[in-house]
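Sequence lines set the chain letters: A, B, ... in the order given, protein chains first and strands last, and positions in each chain run from 1.
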There are 2 protein chains.
Amino acid sequence: MNQRPRHVIRAGVIKALAHPSRTLIVETLTDGERSVGELTSLVGADISTVSKHLAIMKKAGIVVVEKRGLNQYYRLACPCFLDFLRCVDFIAGVNADGASCRAA
Amino acid sequence: MNQRPRHVIRAGVIKALAHPSRTLIVETLTDGERSVGELTSLVGADISTVSKHLAIMKKAGIVVVEKRGLNQYYRLACPCFLDFLRCVDFIAGVNADGASCRAA
DNA sequence: ACAATCATTGGCCGTTTTACCAACCATCCA
DNA sequence: TGGATGGTTGGTAAAACGGCCAATGATTGT
């Protein structure tokens with residue numbers, strides 16, 4: 001069904017994480033679901049901006065949303081983001097300290 | 001030394017991967033080092049374009065370069081990218097198939 | 001029905017990204 | 001030294017991104 005090459009698909013997912021606000025949101029959601037209003041306070045931007053960030057991540061399959069009452073609650077689609085961020089931190093560590101990179 | 005918040009640092013690394021050509025390059029480098037010319041053939045863009053992609057990833061600490069003779073050989077700074085891409089594929093799979101996401 | 005709250009969507013605009021070409025730097029060999 | 005090969009850098013133009021504001025749903029309570 002999806003005929004895009006693998007690296008394009010992968011880049012699409014990665015791109016949806018490639019913004020400081022979105023990374024912050026993902027970090028926060030590892031701790032459990034949050035409403036858009038809560039995430040807006042966290043990020044410190046206009047709620048419309050945060051809503052668009054969430055839409056991007058939803059489209060990429062990174063988060064899922066559930067409506068309860070007046071609120072939309074977002075949570076991670078996948079717990080494996082902890083591993084994901086660990087990989088990222090390895091690279092960041094190499095970059096910052098010149099530390100050697102050991103396997104997971 | 002680095003006082004930027006963690007999520008900004010993380011986003012910087014992720015951003016350096018967030019392009020189809022760069023993802024393709026990383027995939028290829030998991031198989032071993034390549035020269036700029038080889039990567040240019042792979043990507044199918046101008047060599048100057050590929051050179052700039054590599055510079056972005058080098059600055060982010062994702063790749064390292066070694067000059068031997070006339071060639072610049074790039075390789076991954078860290079073998080953990082296999083894990084990294086596996087995480088990405090989990091998300092991509094959820095997105096594409098609606099498949100459930102199991103832990104690593 | 002009306003008002004209040006939570007969130008999404010459209011529009012505008014400044015910034016960033018990306019691609020190509022051209023020019024330049026570096027290395028090796030004749 | 002001159003030429004060929006391999007790569008980087010600067011310039012520029014098109015496209016994508018990201019932010020806020022304003023307007024529009026959607027849901028709940030009065």
Fill in: salt bridge (charged side-chain N to carboxylate O under 4.0 Å, His left out) contacts in which one or both residues fall within residues 16-30 of chain B, not counting sequence neighbours
R6(A)-E27(B), R10(A)-E27(B)
Item to complete: Compare side-chain N and O positions of K67(A) against OP1 and OP2 of dT27(D) and report whether any pair is under 4.0 Å apart.
Response: yes
Worksheet item: Can you find a pair of side-chain heavy atoms, one from V26(B) and one from M57(B), that are under 4.5 Å apart?
Response: yes
Fill in: H19(A) side-chain N/O to dG19(D) phosphate OP1/OP2 under 4.0 Å
yes
Practice prompt. Identify, with sequence neighbours excluded, every residue that meets salt bridge (charged side-chain N to carboxylate O under 4.0 Å, His left out) alongside R75(A).
Written response: none
Response to the item:
5' to 3', nucleotides 7-12 of chain C under a 4.0 Å protein heavy-atom cut-off (B base, S sugar-phosphate only, - none) gives BBBBB-
Worksheet item: Across the strands shown, which category fits R68(B) at heavy-atom distances under 4.0 angstrom: base, sugar-phosphate, nothing?
Response: nothing
Practice prompt. Take atom NZ of K15(A) and atom C1' of dA15(D), then tell me their distance rounded to the nearest Å.
Written response: 10 Å
Worksheet item: What are the two closest heavy atoms between T40(B) and A45(B), and how far apart are they?
Response: CG2-O, 3.3 Å
Practice prompt. May I ask you to establish whether R34(A) and Y74(A) are in a cation-pi arrangement, using a distance under 6.0 Å from NZ or CZ to the six-membered ring centre and at most 45° from the ring axis?
Written response: no
Item to complete: Kindly indicate whether the side chain of I47(A), heavy atoms from C-beta on, has any atom under 4.5 Å from the side chain of V36(A).
Response: yes
Item to complete: Please determine if a side-chain N or O atom of H53(B) lies less than 4.0 Å away from the OP1 or OP2 oxygen of dT17(C).
Response: no
Item to complete: May I have the distance from M57(B) (atom CE) to dT17(C) (atom C1'), rounded to whole angstrom?
Response: 15 Å
